[in-house]
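Notes follow the structure.
Computed from a predicted structure; not experimentally measured. The analysis underlying the following values was restricted to heavy atoms, covering all of them including side chains, and did not include hydrogens, waters or symmetry mates. Protein chains get the first letters and strands the later ones, always in sequence-line order, with residue 1 at the start of each.
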Amino acid sequence: MLKIAKNRLNELFAAIAEKQTLYIPVDREDGAAEYRKWENGCEMSGALNTVRSAKDFFFPQTENLVDFKMEGKNIEVIDIRKESEDFVIFGVKACDARSFTILDKVFLVDPVDSYYKTRRDHGTVVTMACTRPSETCFCGVFGIDATAPEGDAACFSDGENIFFKANTEKGQAFIDSISSMLEEGDTAKLDEVQAKTKSILEKLPLANLSTDSFGGARLKEHFNSDKWGELSEACLGCGTCTFVCPTCQCYDIKDFNTGHGIKRFRCWDSCMYSDFTKMAHGNPRLTQLERFRQRFMHKLVYFPANNEGEFGCVGCGRCLSKCPISMNIVKVMKALEVK
Amino acid sequence: MDKNLKEQILRASGVNVLKCMRCGKCSGTCPSYDEMEYHPHQFVYMVEKGDIEKLMNSASLYKCLTCFACVERCPRNVEPAKVVEAVRLAAIRQQGNNHLTPAMIPDMIDEDIPQQALVTAFRKYTK
Amino acid sequence: MQEAMIKRAKELLADGTVNRVIGWKKGEFFYDITPAVFETAEEIDADFVFDDFTSANVSKYLVKESKKEGKILAFLKPCDTYSFNQLIKEHRVVRENVYIIGVPGGPKLDIEKIKAKGITGVLGVKNENFTLKIDTLYGEETMPFYEAICGKCADCKSKKHVIYDELIGEDGDVLDSNRFDMVEKLENMTAQERFEFWREQLSKCIRCNACRNVCPACTCEKCVFDNPNSGVENKAASDSFEENMFHIIRAFHVAGRCTDCGECSRVCPQNIPLHLLNRKFIKDINALYGEYQAGADTTSRAPLNTYDTEDCEPSIVHERGVE
Amino acid sequence: MQVNNNFEPVIVAFCCNWCSYAGADLSGTNRLNYPTNVKIIRVPCSCRVNPMFILRAFQKGADGVIICGCHPGDCHYTSGNYFTRRRITLLYSMLDFLGIERNRTRLEWVSAAEGAKFAATMQQFTEDVRKLGPNRRLEDLRCRKQ
Amino acid sequence: MQRIGVFVCHCGTNIAATVDVKAVAEALGHEPGVVISQDYQYMCSESGQNLVKDAIKEHNLTGIVICSCSPRMHENTFRKAAASVGLNPYLVEIANIREQCSWIHKEIATATEKAIILGKAAVAKVHLNAPLTAGESPVVKRALVIGGGIAGIQTALDIAEAGFDVDIVEKEPTIGGKMAQIDKTFPTLDCAACILTPKMVECSQNEKIHIHSFSEVSDVKGFVGNFTVTIKKKARFVDETKCTGCGLCTEKCPMKKVPNEFNMGLDNRTAIYIPFAQAVPKVATIDPNHCMMLKTGKCGVCSKVCSVGAIDYKQQDQFIEEKYGAIVVATGFNPIKLDKYDEFAYNQCADVVTSLELERLMNAAGPNGGTLLRPSDKTHPHKIVFVQCVGSRCDDSKGKPYCSKICCMYTAKHAMLIREKYPDTEVYVFYIDVRTPGKNFDEFYRRAVEQYNVHYIKGMVGKVTPKSDGKIDVQASDLLSNEQLHIDADLVVLAAAIEPDKTARPLATMLTTQMDTNDFFTEAHPKLRPVESATAGIFLSGACQGPKDIPETVAQGSAAAAKAIGLLCKNSITCNPCVAHSDELMCNGCSSCEKVCPYGAITYIDKEFRMPDRTTAIRRVASVNPAVCQGCGACTVACPSGAMDLNGFSNSQIMAEVDAICK
């Protein structure tokens with residue numbers, strides 16, 4: 001396998017950044033990690049994951065769609081899209097990588113969301129295999145192998161070297177573009193690291209979580225469950241879980257009056273918010289219970305029902321650590337589990 | 001009329017002569033009134049007109065006791081004594097000579113004169 | 001402590017004093033507790049927990065709970081009692097429907113602080129002589145207890161319960177805290193430095209509204225930021241201005257009402273020190289209009305709802321500190 | 001810093017109907033000039049000015065915001081301006097805390113009789129804001145004029 | 001869809017000279033919603049208004065913007081015009097392009113640009129204007145007059161004459177005020193008592209007038225048409241309903257050394273007293289500070305001699321509450337204290353007196369039975385010096401900044417009366433200016449000089465020194481002859497400045513009316529609304545509003561009465577519709593708004609609501625009384641949820657203006 005010594009990563013980043021914009025996870029002052037545009041001096045974070053997921057690159061929190069200009073009483077419509085530039089996201093973990101597959105099922109099916117598609121087309125996802133999963137990780141539950149991430153190209157670390165493997169043509173092209181810096185390397189140590197990681201993955205406290213009770217067939221049963229009241233009781237109705245989630249894809253479209261025109265933009269919405277899917281007639285989900293139920297039913301029942309059994313969760317564990325009142329999909333799954 | 005001189009007097013005295021309503025209470029209250037050619041209210045009025053040369057050349061300047069009765073009584077807070085003082089200083093400065101020399105001091109000393117009066121006089125009447 | 005609380009809760013349920021208990025419920029792990037209402041002794045026995053991680057302030061839930069049938073038992077830590085008092089003052093809770101047991105406060109621990117040390121795969125924590133022994137998937141780790149305590153507990157303002165029906169454990173005193181140190185430090189920076197500090201912090205905001213929704217002072221039926229008719233409604237910050245706007249107005253709306261319970265910063269997924277904005281208002285109010293602690297009582301007028309004819313002019317802002 | 005000599009600040013003045021708005025009228029009656037940059041919004045009392053209006057002005061392109069009310073003790077509604085004083089002091093202090101330039105905001109007491117003070121205040125405020133240059137720290141980039 | 005009309009006024013050349021009005025009309029015509037945009041010479045003229053009215057009808061306008069002078073000027077004019085053709089008057093907005101644009105700017109290009117922006121802001125606002133209907137609130141047909149001097153008396157008589165009940169609250173035991181103490185009036189030299197006392201009697205006899213003497217206003221609540229006033233009737237220890245005013249008690253009272261305030265302390269009265277013979281009500285009052293019975297419990301003479309048993313030593317202050325539609329303030333004035341002016345030796349020398357003291361010295365009912373004698377030795381003064389402007393026209397640090405207005409005339413009167421009665425007396429008047437604007441005033445002053453030979457000297461007294469021989473040395477300047485004078489006077493009379501009564505300021509707070517820095521009540525408009533305060537339903541009469549002589553006071557008293565009658569005639573009054581209102585669905589009942597409301601217009605009600613979760617709940621929500629709310633908007637900012645908003649100045653309207661200005 002092609003590899004580069006870990007201490008030469010910065011050289012590699014510099015080479016990539018010369019051609020395309022490069023994003024890598026970096027540590028913030030407060031100890032959390034976030035993706036930032038690579039600049040000289042940026043160190044790749046060793047953290048398990050970023051607070052915000054990598055979905056931001058393809059589906060940003062706010063995105064301008066179209067501009068209107070009013071000239072007297074006439075309205076001019078302006079398409080503000082410019083040719084997107086190519087970019088590389090480096091260091092995406094297996095869970096986030098899978099989230100793109102899920103988002104693709106929403107945005108790339110007919111009608112194709114051209115804003116999303118443009119970004120997908122221009123972005124190259126380079127993943128990084130996990131070596132230190134956390135107690136909150138449960139990607140394995142959704143069939144994700146944290147040691148063998150998807151993405152255009154995958155990287156693996158044995159502690160001293162980073163190994164590269166292409167998963168797609170785009171990934172191969174990426175590796176080709178940096179091949180001058182890579183060399184063939186021995187994977188013996190890597191195999192050892194991988195095996196160790198796998199054994200940890202098996203021991204994870206949430207490893208035995210089961211999806212058997214969920215899927216499209218269970219709609220009525222779960223919808224009418226009497227557990228929702230208790231589960232949603234403490235929910236604050238904030239959007240933390242939604243906004244850190246790599247697979248949540250709901251958005252709202254709004255107009256903003258700049259004073260010299262209108263900007264139509266979309267921004268993430270959260271099913272936890274009281275005005276979620278509010279329509280002219282009012283709101284279909286009037287209580288927090290209904291909104292709370294919506295979020296988990298969507299991930300565990302509706303989404304698989306419409307997508308060949310694929311669940312709308314990748315087990316990244318972000319909602320587990322970020323929910324202000326520690327209510328999360330794992331607790332919901334356990335409560336609703338059909339014994 | 002010497003505009004600069006007027007400015008100088010106004011600045012030195014800190015008095016706004018335009019506040020005067022010409023009631024004459026300053027002159028009504030002045031203990032040196034009869035000694036003076038120009039009276040306190042005239043000082044204020046003449047400074048306002050810029051007619052300062054006359055004042056500077058008048059002995060009235062040195063008749064003012066600076067007792068501040070006029071300042072105390074003026075209903076408009078004009079402070080005529082400060083105007084007189086400012087004109088007096090201007091006169092001294094312009095004359096270019098000292099009204100008091102160190103040599104004159106010993107003669108002036110007697111039992112009752114306070115030290116401070118001499119120092120003040122010296123500061124006031126010399127360049 | 002937990003045993004004493006469980007015992008008392010069961011007694012009060014049994015003798016009919018209350019029909020529900022609000023407290024904290026065990027989670028998947030040792031740290032992920034959830035505020036919960038318990039209705040039976042069995043539920044309490046099974047899940048009630050009170051330990052180093054029960055930092056959540058449950059007083060806001062009483063806005064809703066106190067309006068339900070029957071009386072509810074609430075365990076309130078000192079800081080929570082201030083929030084509750086403030087809610088009484090603003091007629092948001094029905095005092096008669098709540099039986100308050102004051103319980104000791106922190107310092108509570110913050111799992112994020114442990115994880116920020118790079119400790120991952122955490123399975124359990126033991127406090128041995130103020131050293132935390134942390135059991136992880138990768139072996140045991142240690143860290144000093146004080147480095148893991150919750151931000152809001154580190155700056156604790158008071159160990160005194162300002163309202164309760166009974167106490168378990170000793171009541172404490174109002175403390176001389178250094179809680180304004182950071183505000184002061186910022187005040188002493190130049191405007192440019194302050195601007196950069198806040199830009200970096202607020203740019204992290206994802207507008208999840210956790211700070212607002214957890215805040216016991218934010219109990220509006222509908223927040224202006226959720227109300228399309230308010231003219232300022234917005235769901236996500238499309239521009240740095242909107243980040244500033246949200247946080248300025250959020251802090252302004254609780255100015256003089258914020259008890260400094262610290263929940264906003266505790267729940268922020270992006271670790272933005274939001275409490276500094278609230279504390280800035282508190283510090284200004286104390287300095288300009290006299291010491292005032294929101295929630296210390298239920299009758300005094302909030303500083304922004306009263307005035308003194310001799311109040312300072314806003315020019316004081318321009319005259320002091322560093323530009 | 002780049003100094004733009006052609007910079008004409010946009011200044012929003014909230015004026016209380018009873019004192020400052022009348023003071024502004026008086027400076028008009030007396031033909032006391034102040035810069036055209038100042039645009040007045042009439043409010044019944046300075047206490048009507050919501051901090052959101054001030055921020056909104058900055059968002060939409062204002063470079064300075066000034067609130068004018070009756071002198072303390074003279075409020076037409078007896079106490080409105082006292083509340084204004086507290087609210088606005090705290091708000092301005094907060095803006096300062098966030099690193100927003102202090103001279104972009106002001107609160108002045110201008111009575112109906114103080115036409116000259118109104119004009120002088122506006123003159124001075126406009127100059128102060130002009131010196132600061134365009135509002136960059138509290139602007140909404142989307143609203144920036146092209 | 002809105003259909004907005006824009007009308008740009010030239011105001012002759014007032015606007016058109018600096019603002020390109022055609023360009024403004026053209027630019028605003030392109031604004032969204034604007035269907036017609038016109039300019040015209042004088043929009044406020046009959047034909048200008050017709051232009052607006054016709055456009056409203058023709059284009060079926062839903063809102064209009066007038067770009068003209070200040071809304072403080074003609075907002076009402078255009079509102080009325082709109083209303084006359086069926087457009088709600090609150091759908092009218094004014095863009096002030098005269099006072100705030102054309103008059104202050106010189107350059108046409110920038111002034112025009114600004115005018116367009118101001119117009120756009122008004123258009124943006126009018127888009128959001130809602131038709132408002134003024135509410136009505138009933139008027140209590142009763143008036144309160146605070147103060148029973150000539151101002152209050154005149155006002156009360158006029159109001160009663162119109163058929164309305166009116167109460168007079170007077171803090172002294174009798175009405176009459178300062179005029180009762182005056183001997184003669186200028187410029188006619190009528191006897192003051194002769195013209196005042198019939199009016200006092202008329203007050204007491206008029207069924208519509210109710211006098212609360214020895215009483216004070218202790219609390220005022222409510223609003224125009226519906227004030228609730230608490231009146232404190234101070235204990236006088238005499239039952240008013242029983243006392244016949246026979247005066248026997250005052251003769252028998254053993255405590256005879258109480259300074260008589262009616263005679264300015266120049267003689268004494270008894271502890272139980274009737275201020276003067278013509279007092280109304282003619283009822284005795286016990287002065288508790290001097291009555292032996294009340295102080296020590298030993299005496300009781302008055303009670304023994306009173307044949308009707310009117311004396312009641314146990315009487316307590318009594319509080320009565322009454323509702324009024326209108327309140328007239330007539331609290332009058334007092335001469336200032338002269339402690340600050342040592343140079344006039346007022347406190348050192350009994351023969352230095354104030355003009356009001358001179359009135360009593362010369363009055364037939366005064367201490368000397370009308371013979372002018374020096375207070376010190378009861379001898380005839382032969383040289384009298386009058387000093388004008390004592391404490392008036394001063395720097396703030398030295399006295400009152402204003403001219404007390406009445407001194408010049410009463411001094412001429414005094415001088416003339418003295419010269420008339422005692423021709424052997426020399427009278428000197430030191431003056432700064434002699435101010436005599438008034439009908440027959442200057443003639444009066446000239447008569448003093450020409451006919452009565454009063455010596456008017458332009459100059460000011462600098463120092464008054466009592467001498468051991470009983471004479472008083474008056475040192476003064478004579479500015480015209482440029483000399484300093486010394487006059488050996490027998491009597492010196494000081495024309496002390498007058499100031500509002502001390503009770504005025506606390507009263508102003510209760511009434512929520514404005515005062516100037518001198519504690520004179522501020523009128524709603526210095527020229528056009530001189531007898532109304534800015535607070536609706538509160539009127540001003542007499543010297544509480546500024547120094548006034550008797551004819552002016554009477555004129556203002558009648559004017560205030562006319563205004564009050566105008567109000568009382570109405571069965572109900574139209575309220576200002578620009579008031580706050582609370583969106584009950586958003587209100588959380590936190591009480592912030594109530595705390596900042598200066599009028600107590602906000603109350604809380606428990607109301608049942610259908611909640612979003614389909615349940616019903618009883619919620620505490622704010623409710624604004626639109627008749628009490630004055631529309632300041634303090635509550636709108638105190639309300640964090642934005643539930644509270646203000647009609648006519650709503651959050652969205654103001655933000656629309658902000659947007660339009662900033663764009």
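Taking each heavy atom of A:Cys267 and C:Lys235 in turn, the nearest pair found is SG-CB, 3.8 Å. Among all heavy-atom pairs drawn from C:Asn271 and A:Asp30, the shortest one is CB-OD2, 3.4 Å. Residues A:Ala234 and C:Thr34 approach most closely at CB-CG2, 3.7 Å, considering heavy atoms.
Between A:Thr136 and C:Phe29 the shortest side-chain heavy-atom distance falls below 4.5 Å. The shortest side-chain heavy-atom distance between C:Pro269 and A:Arg318 does not fall under the 4.5 Å cut-off. Counting only heavy atoms from C-beta outward, the side chains of A:Ser326 and C:Ile33 never approach each other to under 4.5 Å. C:Glu28 has its side chain out of reach of A:Glu135: every pair of non-hydrogen atoms, C-beta onward, lies at least 4.5 Å apart. Side-chain contact check for A:Asp275 versus C:Asp226: every heavy-atom pair is 4.5 Å or farther apart. A heavy-atom distance below 4.5 Å is found between the side chains of A:Tyr273 and C:Asn209.
Figure legend: cation-pi geometry between C:Arg207 and A:Phe243 absent, as NZ or CZ is not positioned both under 6.0 Å from the six-membered ring centre and within 45° of its axis.
Rounding to the nearest 0.5 angstrom, the gap separating the CD1 atom in C:Ile119 from the OG atom in A:Ser134 is 12.0 Å. Between the OG atom in A:Ser321 and the CG atom in C:Asp32 there is a gap of 10.0 Å [rounded to 0.5 Å].
No side-chain donor from either of A:Lys254 and C:Ser238 sits under 3.5 Å from a side-chain acceptor of the other.
Both the backbone and the side chain of C:Val37 come within less than 4.5 Å of a heavy atom in chain A. The part of C:Lys115 that comes within reach of chain A is its side chain, from C-beta onward, which places non-hydrogen atoms under 4.5 angstrom from that chain. Looking at C:Arg266, only its side chain comes within 4.5 Å of chain A, counting heavy atoms on both sides. A:Pro205 touches chain C through its side chain: at least one heavy atom from C-beta onward sits under 4.5 Å away, while N, CA, C and O do not. At a 4.5 Å heavy-atom cutoff, A:Lys263 makes no contact with chain C through either its backbone or its side chain.
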Before giving the answer on salt bridge (Lys or Arg N to Asp or Glu O under 4.0 Å), spell out for C:Lys25 and A:Glu233 the whole-Å C-alpha distance, their side-chain angles and the decisive distance to 0.1 Å.
-> CA-CA 12 Å; C:Lys25 186 179 177 177; A:Glu233 185 175 56; over 6 Å; no
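In terms of heavy-atom pairs under 4.5 angstrom with chain C, the leader among A:Met327, A:Glu34, A:Lys203, A:Arg52 is A:Arg52. Here C:Asn213 is the residue among C:Val267, C:Asn213, C:Asp239 with the most heavy-atom pairs under 4.5 Å with chain A. Put simply, of C:Tyr31, C:Trp24, C:Tyr61, C:Tyr138, the one with the most heavy-atom pairs under 4.5 Å next to chain A is C:Tyr138. For the set C:Lys113, C:Glu233, C:Lys117, the count of heavy-atom pairs under 4.5 angstrom toward chain A peaks at C:Glu233. Ranked by heavy-atom pairs shorter than 4.5 Å toward chain C, the options A:Asp269, A:Asn328, A:Asn64, A:Asp252 are led by A:Asp269. Listed options C:Ala210, C:Ala116, C:Ala36, C:Cys211 were ranked by heavy-atom pairs under 4.5 angstrom with chain A; first place goes to C:Ala210. Of the listed residues (A:Leu206, A:Leu48, A:Val244, A:Leu320), the greatest number of heavy-atom pairs within a distance under 4.5 Å of chain C belongs to A:Leu206. Most heavy-atom pairs under 4.5 Å with chain A, from the set C:Thr136, C:Ile111, C:Val214: that is C:Val214.
In summary, C:Glu200 and A:Arg28 do not engage in a salt bridge, as defined by a charged side-chain N under 4.0 Å from a carboxylate O. With respect to the salt-bridge test (charged N to carboxylate O, under 4.0 angstrom), the residues C:Lys204 and A:Glu29 do not qualify. Taking the charged nitrogens against the carboxylate oxygens, A:Lys322 and C:Glu112 do have a contact shorter than 4.0 Å, which makes a salt bridge.
Counting heavy-atom neighbours within 6.0 Å of C:Lys26 NZ, excluding the residue itself, gives a total above 12. Heavy atoms of other residues, nucleotides or ligands lying less than 6.0 angstrom from NZ of C:Lys67 number more than 12. More than 12 heavy atoms of other residues, nucleotides or ligands lie within 6.0 Å of CD in A:Glu63, so this atom counts as buried by the packing criterion.
Looking at A:Thr240, its side chain never comes within 3.5 Å of a backbone N or O of C:Cys208 through a donor-acceptor pair.
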List the atom pairs, with distances to 0.1 Å, where a side-chain N or O of residues 148-155 of chain C and a protein N or O form a donor-acceptor pair under 3.5 Å, not counting sequence neighbours.
residue, atom, partner, partner atom, Å
C:Lys152, NZ, C:Ser55, O, 2.9
C:Lys152, NZ, C:Glu263, OE1, 2.7
C:Asp155, OD2, C:Arg279, NH1, 2.8

